[in-house]
Chemist: 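Sending over a structure as structure tokens; questions will come in a sec.
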Amino acid sequence: MADVTIYGAGIFGLSIAFACQSRGASVRVIDPGGVGAGASGGVVGALAPHVPENWNEKKAFQLESLLLAEAFWAEVAEVSGLPPGYARTGRVQPVADEAGLALARQREVTARELWGEAATWKVVEAEAVAHAPVTPTGLLILDTLSARLHPREGAKALAAAIVTRGGEIVAEGKPQGRVVHATGVAGLTELSERLAAPVGNGVKGQGALLDFAAPDAPQVFADALHVIFHRNGTTAVGSTSEREYDSATETDAQLDEVLDRARIAVPALRDAKVIERWAGVRPRARSRAPMLGVHPLYPDQFIANGGFKIGFGMAPKVAQVMADLVLDGRDEIPAAFRPEASLPKTG
């Protein structure tokens with residue numbers, strides 16, 4: 001008999017299951033598609049912070065999660081015996097002009113105020129960075145808070161850790177104990193249909209893996225694209241954000257355009273061979289923040305959904321607060337993350 005049943009074997013569902021096990025609970029994860037069948041089976045894996053300014057509870061939550069990540073993924077690796085691909089390698093971004101430089105200098109100061117000694121945001125010479133992106137000023141912004149993780153390796157390691165600890169991951173079965181719904185796009189669709197109002201939707205993303213090895217290089221954010229140098233000797237590029245699409249899993253000319261832009265932005269990639277093209281749909285709640293707390297349709301159950309683009313980065317903290325709520329009844333979920341922030345207004 002499981003203490004907690006979690007519907008959904010994506011990053012939120014698996015992380016919450018692992019956190020509940022760490023508190024001594026037995027868990028059952030149910031997903032007919034298997035581990036990482038949706039967006040959590042992608043290729044990019046950028047764990048990057050918001051800019052250090054205009055501070056709010058979402059940014060504070062994300063900072064805590066990014067700082068928890070190293071210990072979280074180290075424990076996953078130790079228990080599972082598998083590498084999740086995590087490394088805090090930092091991130092670089094081009095400085096486009098004098099206005100951009102002035103803003104970057106301001107953020108150096110606010111990063112010290114908001115991040116403290118945990119990480120830095122600073123301007124550096126591009127020539128000092130391996131595989132640097134093109135930058136008109138010869139300068140880059142380097143932050144030391146950003147990390148990378150291979151989504152598939154991370155999901156696989158989490159699943160193995162859960163099973164190693166005695167948990168169950170099955171395609172179907174009856175719920176036991178407390179119930180958490182971490183069902184991604186399907187869950188948002190159900191809410192929207194049942195409440196007859198838009199609560200969230202799926203946003204398609206396309207990315208690619210290149211045969212280019214630079215596992216110690218910082219990730220790049222340039223021309224609105226992420227370039228992630230993975231542990232396993234591949235480099236990921238992505239992604240698109242498509243509200244309308246015909247196929248959830250097919251790639252098309254939009255990915256070709258992403259690849260072209262990435263090769264222009266990072267010259268080192270110009271001759272790198274594409275070894276995989278990927279597409280999937282990510283769950284986006286109406287508020288754009290994760291939906292965490294009591295389930296709007298099932299008041300004796302819970303929901304963890306809407307990890308659009310930030311699911312892996314938010315996962316350690318999401319798992320912590322959801323385990324607090326589910327197991328101990330302790331609710332420390334920020335107001336912006338509660339389901340009601342994405343629900344239709346009434347009255």
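Please read all numbers here as calculations on a predicted model, not as lab measurements. Values reported hereafter were calculated over all heavy atoms of this structure, with side chains retained and with hydrogens, waters and symmetry mates removed.
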Chemist: Within the side chain of His230, is there an N or O that forms a donor-acceptor pair under 3.5 Å with the backbone of Val43?
Modeler: yes
Chemist: Counting distance only, does the side-chain N/O of Thr251 pair as donor-acceptor with the main-chain N or O of Trp278 below 3.5 Å?
Modeler: no
Chemist: Linking I/L/V/M/F/W/Y whenever their side-chain heavy atoms sit closer than 4.5 Å, directly or via other members, would Leu142 and Val134 fall into one cluster?
Modeler: no
Chemist: Test salt bridge (Lys or Arg N to Asp or Glu O under 4.0 Å) on Arg286 and Glu340 and set out the steps.
Modeler: CA-CA 10 Å; Arg286 188 171 67 90; Glu340 49 265 34; over 6 Å; no
Chemist: Would you say Lys59's side chain and Val51's backbone share a donor-acceptor pair under 3.5 angstrom?
Modeler: yes
Chemist: Is Arg263 reaching over with its side chain to a backbone N or O of Ala272, donor-acceptor style, under 3.5 angstrom?
Modeler: yes
Chemist: Check the hydrophobic clustering (I, L, V, M, F, W, Y; side-chain heavy atoms under 4.5 Å; chains of links allowed) and say if Val35 and Val27 are grouped together.
Modeler: yes
Chemist: Mind checking the OG-CG spacing from Ser192 to Asn201? Nearest 0.5 Å is all I need.
Modeler: 7.5 Å
Chemist: Do Gln320 and Lys317 have side-chain atoms, one donor and one acceptor, less than 3.5 Å apart?
Modeler: yes
Chemist: Going by heavy atoms in the side chains, are Ser239 and Val258 under 4.5 Å from each other?
Modeler: no
Chemist: How many angstroms lie between atom CZ of Phe229 and atom CZ of Arg148, to the nearest 0.5 angstrom?
Modeler: 10.5 Å
Chemist: Verify side chain to side chain contact (heavy atoms under 4.5 Å, CB included) between Ile169 and Val163, making sure each step is shown before the conclusion.
Modeler: CA-CA 7 Å; Ile169 300 177; Val163 172; 4.1 Å; yes
Chemist: Report the C-alpha distance between Glu153 and Asn232 in whole Å, list the side-chain angles of each, state the deciding distance to 0.1 Å, and finish with yes or no for side chain to side chain contact (heavy atoms under 4.5 Å, CB included).
Modeler: CA-CA 10 Å; Glu153 290 186 349; Asn232 63 4; 3.7 Å; yes
Chemist: Kindly compute the distance separating CG (Leu297) from CG (Leu195), expressed to the nearest 0.5 Å.
Modeler: 5.5 Å
Chemist: Looking only at non-hydrogen atoms, find the nearest pair between Ala335 and Ala341 and report the distance.
Modeler: O-CB, 4.1 Å
Chemist: What do the steps show when you test Asp211 against Thr234 for side chain to side chain contact (heavy atoms under 4.5 Å, CB included), and what is the final call?
Modeler: CA-CA 5 Å; Asp211 185 11; Thr234 63; 5.9 Å; no
Chemist: Is a donor from one side chain sitting under 3.5 angstrom from an acceptor on the other, for Lys309 and Ser241?
Modeler: yes
Chemist: Starting from the C-alpha separation in whole Å, work towards a yes-or-no answer on salt bridge (Lys or Arg N to Asp or Glu O under 4.0 Å) for Asp256 and Arg277.
Modeler: CA-CA 10 Å; Asp256 296 332; Arg277 297 164 64 94; 2.8 Å; yes
Chemist: Working note: Arg112 + Thr120, criterion side-chain hydrogen bond (donor to acceptor under 3.5 Å, both in side chains); need CA distance, chi angles, decisive distance, verdict.
Modeler: CA-CA 7 Å; Arg112 287 194 293 270; Thr120 59; over 6 Å; no
Chemist: Quick one: NE2 on His150 to CZ on Phe312, what's the gap to the nearest 0.5 Å?
Modeler: 10.0 Å
Chemist: Can you check whether Met322 reaches Phe12 side chain to side chain, under 4.5 Å on heavy atoms?
Modeler: no
Chemist: Do Ile333 and Val4 share a hydrophobic cluster, counting only Ile, Leu, Val, Met, Phe, Trp and Tyr and linking them when any side-chain heavy atoms are less than 4.5 Å apart?
Modeler: yes
Chemist: Only one of Thr235, Val44, Val92, Leu210 forms a side chain to side chain contact (heavy atoms under 4.5 Å, CB included) with Val227, so which one is it?
Modeler: Thr235
Chemist: Measure from the side-chain N and O atoms of Ser65 to the backbone N and O of Gly313, and report whether any donor-acceptor pair falls under 3.5 Å.
Modeler: yes
Chemist: If I compare all heavy atoms of Leu140 with all of Ala126, which pair ends up nearest, and what's the gap?
Modeler: CD1-CA, 3.7 Å
Chemist: Looking at Ile310, Leu67, Asp143, which one forms a side chain to side chain contact (heavy atoms under 4.5 Å, CB included) with Pro49?
Modeler: Asp143
Chemist: Would you indicate whether the side-chain heavy atoms of Phe337 and Met314 approach each other to under 4.5 Å?
Modeler: yes
Chemist: Between the side chain of Glu57 and the main-chain N/O of Ala336, is any donor-acceptor distance below 3.5 Å?
Modeler: yes
Chemist: Under 6.0 Å from the CG atom of Asp246, do we count more than 12 heavy atoms belonging to anything else shown?
Modeler: no
Chemist: Using side-chain heavy atoms (C-beta onward) and a distance below 4.5 Å, is Val294 in contact with Ile303?
Modeler: no
Chemist: Can you hop from Leu149 to Val318 via hydrophobic side chains spaced under 4.5 Å?
Modeler: yes
Chemist: Between Val95 and Gly100, what is the shortest heavy-atom contact and its length?
Modeler: CG1-C, 4.0 Å
Chemist: Over all heavy atoms of both residues, which pair between Pro334 and Phe61 is shortest? Give the atoms and the distance, please.
Modeler: CG-CD1, 3.6 Å
Chemist: Any donor-acceptor pair under 3.5 Å linking the side-chain atoms of Ser342 with those of Arg288?
Modeler: no
Chemist: Where the side chain of Thr183 meets the backbone of Ala186, is there a donor-acceptor pair that is under 3.5 Å apart?
Modeler: no
Chemist: Considering the options Leu292, Asp331, Leu343, which one meets the side chain to side chain contact (heavy atoms under 4.5 Å, CB included) requirement together with Arg338?
Modeler: Asp331
Chemist: For Thr144 and Arg91, which I'm curious about, is there any donor-acceptor pair between the side chains at under 3.5 Å?
Modeler: no
Chemist: Please check if atom CG in Asp328 has more than 12 non-hydrogen atoms from other residues, nucleotides or ligands closer than 6.0 Å.
Modeler: yes
Chemist: Grab the two heavy atoms, one from Val281 and one from Ala248, that are nearest each other, plus how far apart they are.
Modeler: CG2-CB, 3.5 Å
Chemist: Please report the interatomic distance CD(Glu78) to OG1(Thr164), rounded to the nearest 0.5 Å.
Modeler: 11.5 Å
Chemist: Is it true that, when you exclude Lys58 itself, more than 12 heavy atoms of the residues, nucleotides or ligands shown sit nearer than 6.0 Å to its NZ?
Modeler: yes
Chemist: Should Met291 and Ile6 be regarded as members of a common hydrophobic cluster, given that ILVMFWY residues are connected when their side-chain heavy atoms come within less than 4.5 Å of each other, either directly or indirectly?
Modeler: no
Chemist: So does Arg23 pair up with Asp324, basic N to acidic O under 4.0 Å?
Modeler: yes
Chemist: Is the closest basic N to carboxylate O distance between Glu108 and Arg105 below 4.0 Å?
Modeler: yes
Chemist: Would you say Arg107's side chain and Glu53's backbone share a donor-acceptor pair under 3.5 angstrom?
Modeler: no
Chemist: Before we go on, tell me: are the rings of Tyr86 and Phe72 under 6.0 Å apart, centre to centre?
Modeler: no
Chemist: Please evaluate residues Arg152 and Glu276 with respect to the criterion salt bridge (Lys or Arg N to Asp or Glu O under 4.0 Å), reporting the C-alpha separation (whole Å), side-chain torsions for both, the decisive distance (0.1 Å), and the verdict.
Modeler: CA-CA 13 Å; Arg152 293 172 189 170; Glu276 181 181 347; 2.6 Å; yes
Chemist: So, the side chain of Gln21 versus the backbone of Ile162: is there a donor-acceptor pair under 3.5 Å, distance only?
Modeler: yes
Chemist: Is a donor on one side and an acceptor on the other found under 3.5 Å between the side chain of Thr249 and the backbone of Gly280?
Modeler: no
Chemist: Going from CD on Gln93 to OG1 on Thr135, what distance comes out if it is rounded to the nearest 0.5 angstrom?
Modeler: 11.0 Å
Chemist: Show your working on side chain to side chain contact (heavy atoms under 4.5 Å, CB included) between Leu63 and Trp115 and close with a plain yes or no.
Modeler: CA-CA 8 Å; Leu63 173 62; Trp115 296 353; 4.0 Å; yes
Chemist: Would a line drawn from the ring center of Tyr7 to the ring center of His181 be shorter than 6.0 Å?
Modeler: yes
Chemist: I need the minimum non-hydrogen distance between Pro316 and Leu68, along with the two atoms involved.
Modeler: CB-CB, 4.0 Å
